[in-house]
Q: 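One structure, as C-alpha cells, below. Some questions next.
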Amino acid sequence: MTSVVVAFIILQGRARSSSAQTFFFVSCFNSYCMKWEEWKPFYERIVRVMGYSMEDDEKAAEVLRSILIENDNYIIKEEINSIIMERVYIFGAGPNLEDEIRGRDFSDGTKIAADGATSALLKNGIIPDIVVTDLDGRIRDLLEASKKAVMVVHAHGDNIDKLPIVTNFPLVLGTCQTKPLDIIYNFGGFTDGDRAAFLAEELGAKEIILLGFDFSGKVGKWSKPWLTKHVEAWEEKRKKLEFARELIKWLAKNGKAKIFLGNKKI
Ligand SMILES: Nc1ncnc2c1ncn2[C@@H]1O[C@H](COP(=O)(O)OP(=O)(O)OP(=O)(O)O)[C@@H](O)[C@H]1O
Ligand SMILES: Nc1nc2c(c(=O)[nH]1)N=C(CO)CN2
Ligand SMILES: [Mg+2]
C-alpha cells in the first residue's frame with residue numbers, strides 16, 4: 001500500500017501540482033469537506049473548555065510549516081488520496097482495541113492508526129498505512145511506523161517543542177486546528193481519533209470503521225507511553241473524549257461516509 005503512495009509521489013516528481021484545484025474539486029465532490037467557518041465554532045468552544053491559547057495554536061502551525069518546508073518532507077493532500085480505499089479502519093487507543101484487532105488483518109481497507117494505537121498495531125503485526133498523531137504516542141513506535149506509513153502530524157500550542165521530531169519522518173502531511181496555511185491543513189476534528197475520521201471523509205472514504213473507540217470513561221493503556229494498564233479517564237482526557245464523541249456523531253450526521261463504532265452503524 002505504502003509503495004503505491006511512494007510511486008505516486010515519485011511520479012508527481014514532488015511538483016506541487018498546478019491541477020491541485022481540480023483534485024480539490026474532485027475529492028470534495030465525493031466527500032464532505034469541512035470549511036474553516038464551520039469548524040471555527042467547535043474550535044472556539046474547545047479552546048474555552050480546555051483552556052488553550054489560540055495564539056499558541058497558530059504559532060504551532062507556523063512552526064510546523066517552517067520545519068516541513070526546510071526539511072522538504074511534506075506532502076500535499078492530493079498525494080495521500082491514492083491510499084484511501086472505500087473502506088477505512090481507524091484504530092483508537094481505547095481499552096477495547098486489542099480485543100477488536102485480534103486475529104484480523106484488515107487488508108480490505110486502509111488502516112489509520114490514531115497516535116498511541118500505533119504501538120498496539122505494531123505489537124500485533126499490523127502495519128498502519130497512515131498514522132495521525134500530535135506526537136505524544138511512543139516515539140520509538142511512531143518512528144518505526146513512519147518507515148512505511150504517511151505521518152499526519154498535528155501542530156498545537158502544547159506540542160511546539162516536539163515538532164522537530166517530524167524531520168525523522170519521510171512523508172508528512174501537516175495539520176492544525178487554527179486557520180489552515182498552504183501546506184498545513186485543517187480538515188476538522190480535535191483528538192487524533194476523530195481527526196482521523198475527518199481526514200478519511202475528506203479523502204473520500206465511503207465506510208469508516210472505528211475500532212478501539214470506547215466512550216465509557218476508561219482510557220486504554222496504549223494511549224500514553226507511561227500507562228501500563230487501562231485507567232479511569234482523568235479530567236482533561238474525559239473532556240477530550242467527550243469532544244471526540246460529539247465530533248464523530250456530527251460527522252456521521254453531516255458527512256457522506258457511513259461510520260461504524262465497532263460493528264454498529266452510528
Ligand atoms: N477510551 C479511549 N481511550 C483513549 N483513546 C481513545 C478512547 N476511545 C477513543 N480513543 C481515540 O483514540 C485516539 C488515540 O489515543 P491517544 O490517547 O493516543 O490520542 P490523543 O488524541 O493524542 O490524546 P491526548 O491528547 O490525550 O494525547 C484518541 O485521540 C481518541 O480519539
Ligand atoms: N492546544 C492543544 N491542542 C490540542 C491538544 C492539546 O493538548 N493542546 N491535544 C489534542 C489531541 O487530543 C488536540 N489539540
Ligand atoms: Mg496524541
Side-chain angles (χ1 to χ4, degrees), residues 39 42-61 63-64 89-101 112-122 128 130-139 141-142 145 151-163 165 175-178 186-200 208-227 229-249 251 259 261-262 266:
W39 167 248
F42 283 107
Y43 175 56
E44 286 172 345
R45 188 152 56 86
I46 288 168
V47 163
R48 214 171 39 246
V49 172
M50 303 301 297
Y52 297 155
S53 150
M54 281 193 190
E55 291 72 29
D56 288 355
D57 284 345
E58 278 163 2
K59 184 177 162 209
V63 170
L64 179 59
Y89 294 101
I90 298 178
F91 303 92
N96 50 341
L97 176 61
E98 281 189 291
D99 282 346
E100 295 197 330
I101 63 178
I112 307 185
D115 215 355
T118 308
S119 304
L121 293 190
L122 294 180
I130 298 175
V131 175
V132 173
T133 176
D134 64 345
L135 304 174
D136 59 359
R138 288 172 178 78
I139 297 300
D141 293 333
L142 294 178
M151 305 299 284
V152 178
V153 176
H154 191 64
H156 61 63
D158 295 294
N159 74 354
I160 295 177
D161 56 330
K162 292 190 176 137
L163 294 175
I165 294 170
T175 64
C176 65
Q177 53 203 26
T178 47
N186 183 344
F187 305 124
F190 174 45
T191 73
D192 293 317
D194 60 88
R195 246 184 298 110
F198 278 80
L199 172 77
I208 298 172
I209 302 172
L210 306 173
L211 300 167
F213 281 68
D214 178 329
F215 297 114
S216 67
K218 279 235 182 251
V219 175
K221 68 174 176 185
W222 300 105
S223 174
K224 292 278 165 261
W226 61 85
L227 287 178
K229 56 182 173 57
H230 309 319
V231 295
E232 274 317 305
W234 51 100
E235 186 58 9
E236 187 200 20
K237 191 71 179 179
R238 194 189 56 69
K239 289 186 200 161
K240 283 186 171 184
L241 288 173
E242 199 43 55
F243 277 119
R245 191 221 297 254
E246 177 187 340
L247 285 160
I248 287 166
K249 262 171 103 176
L251 187 63
I259 305 188
L261 195 54
I266 300 177

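Remember, it's 1-based here, ligands and their atoms both numbered in the order they're listed. Here the structure is a predicted model, which means the values were calculated and not measured.
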Q: Strictly below 4.0 Å, N to O, side chains only: are Arg45 and Glu246 in salt-bridge contact?
A: yes
Q: By number and element, which atoms of ligand 1 are closer than 4.0 Å to a non-hydrogen atom of Gly116?
A: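 So the atoms of ligand 1 that pass are 18 (O).
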Q: Write down the atom of Gly157, the atom of Ala60, and the distance for their closest heavy-atom approach.
A: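 In terms of heavy atoms, the two residues are closest at N-CB, 4.0 Å.
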Q: What are the atoms of ligand 2, with element, lying closer than 4.0 Å to any heavy atom of Phe190?
A: 4 (C), 13 (C), 14 (N)
Q: Need the ligand 2 atom indices (1-based, order shown) with element for anything under 4.0 Å from a heavy-atom of Gly157.
A: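 Those qualifying, in numeric order: 1 (N).
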Q: Going by the order shown, which atoms of ligand 1 are within less than 4.0 Å of some heavy atom of Gly220?
A: 3 (N)
Q: Polar contacts were defined as any N/O atom of the residue lying under 3.5 Å from an N/O atom of the ligand; does this apply to Asp57 and ligand 2?
A: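 Yes, Asp57 has an N/O under 3.5 Å of an N/O on ligand 2.
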Q: Just going by heavy-atom distances, which of Asp115, Asn96, Leu241 is nearest to atom 7 (C) of ligand 1?
A: Leu241
Q: To which protein heavy atom is atom 8 (N) of ligand 2 closest, and what is the distance rounded to 0.1 Å?
A: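 Ranking protein heavy atoms by distance from atom 8 (N) of ligand 2, first comes Asp158 OD2, 2.7 Å.
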Q: In this structure, does ligand 1 have an atom that sits under 4.0 Å from one of the heavy atoms of Glu236?
A: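 Heavy atoms of Glu236 never come under 4.0 Å of ligand 1.
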Q: Short list, please: which atoms of ligand 1 are under 4.0 Å from a heavy atom of Gly92?
A: 11 (C), 12 (O)
Q: With a 4.0 Å heavy-atom cut-off (strictly under), which part of Asp56 contacts ligand 2: side chain, backbone, both or neither?
A: neither
Q: Students should be able to answer this: which protein heavy-atom is nearest to atom 12 (O) of ligand 2, and at what distance?
A: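 Of every protein heavy atom, Lys240 NZ, 3.4 Å lies nearest to atom 12 (O) of ligand 2.
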Q: Of all the atoms in ligand 1, which lie at a distance below 4.0 Å from a heavy atom belonging to Lys240?
A: 24 (P), 25 (O), 26 (O)
Q: Restricting to N/O/S, name the atom of Asp192 that gets closest to the Mg ion (ligand 3).
A: OD2
Q: Going from NE2 on His156 to CG on Asn159, what distance comes out if it is rounded to the nearest 0.5 angstrom?
A: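 If I round to the nearest 0.5 Å, the distance is 4.0 Å.
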Q: Which atom, counting only N, O or S, brings Asp136 closest to the Mg ion (ligand 3)?
A: OD1
Q: For ligand 1, which atoms have a heavy atom of Gly212 less than 4.0 angstrom away?
A: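 Numbered from 1, ligand 1 contributes 8 (N), 9 (C).
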Q: What atoms in ligand 1 come closer than 4.0 Å to a heavy atom of Asp194?
A: 31 (O)
Q: Looking only at protein heavy atoms, which one is nearest to atom 3 (N) of ligand 2, and what is the separation?
A: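 Going atom by atom, the protein heavy atom closest to atom 3 (N) of ligand 2 ends up being Gln177 NE2, 2.9 Å.
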Q: Which of the atoms in ligand 1, numbered in the order shown and given with their element, are less than 4.0 Å from a heavy-atom of Asp134?
A: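 Numbered from 1, ligand 1 contributes 22 (O), 25 (O).
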Q: Please walk me through it: do Asn186 and Tyr43 pass side chain to side chain donor-acceptor pair (under 3.5 Å)?
A: CA-CA 11 Å; Asn186 183 344; Tyr43 175 56; over 6 Å; no
Q: Once you restrict to heavy atoms under 4.0 Å, what part of Met50 touches ligand 2? Side chain, backbone, both or neither.
A: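 Near ligand 2, Met50 shows nothing, with every heavy atom at 4.0 Å or more.
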Q: Given the rule in the salt bridge (Lys or Arg N to Asp or Glu O under 4.0 Å) test, do Asp192 and Arg195 qualify, once you have shown the distances and angles that lead to the verdict?
A: CA-CA 5 Å; Asp192 293 317; Arg195 246 184 298 110; 2.8 Å; yes
Q: Give the atom name of whichever N/O/S atom in Asp134 sits closest to the Mg ion (ligand 3).
A: OD1
Q: Any salt bridge between Arg238 and Glu235, counting N to O under 4.0 Å?
A: yes
Q: Could you check whether any side-chain heavy atom of Val219 comes within less than 4.5 Å of a side-chain heavy atom of Trp234, counting everything from C-beta outward?
A: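 Val219 vs Trp234: side chains touch.
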Q: Students should be able to answer this: which protein heavy-atom is nearest to atom 10 (C) of ligand 2, and at what distance?
A: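 Atom 10 (C) of ligand 2 sits closest to the protein heavy atom Asp134 OD2, 3.5 Å.
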Q: More than 12 foreign heavy atoms under 6.0 Å from NZ of Lys224: is that the case here?
A: yes
Q: With the Mg ion (ligand 3) as the reference point, give the N/O/S atom of Asp115 that is nearest.
A: OD2
Q: In ligand 1, which numbered atoms sit nearer than 4.0 Å to a non-hydrogen atom of Asp136?
A: 22 (O), 24 (P), 25 (O), 27 (O)
Q: As a quick check of understanding, evaluate side-chain contact (heavy atoms from CB on, under 4.5 Å) for Leu210 and Tyr89, giving each step before the final call.
A: CA-CA 6 Å; Leu210 306 173; Tyr89 294 101; over 6 Å; no
Q: Mark yes or no for whether Trp39, through its side chain, and Gln177, through its backbone, hold a donor-acceptor pair below 3.5 Å.
A: yes
Q: Mind checking whether Ser216 has a heavy atom under 4.0 Å from ligand 1?
A: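 Not so, Ser216 does not reach ligand 1.
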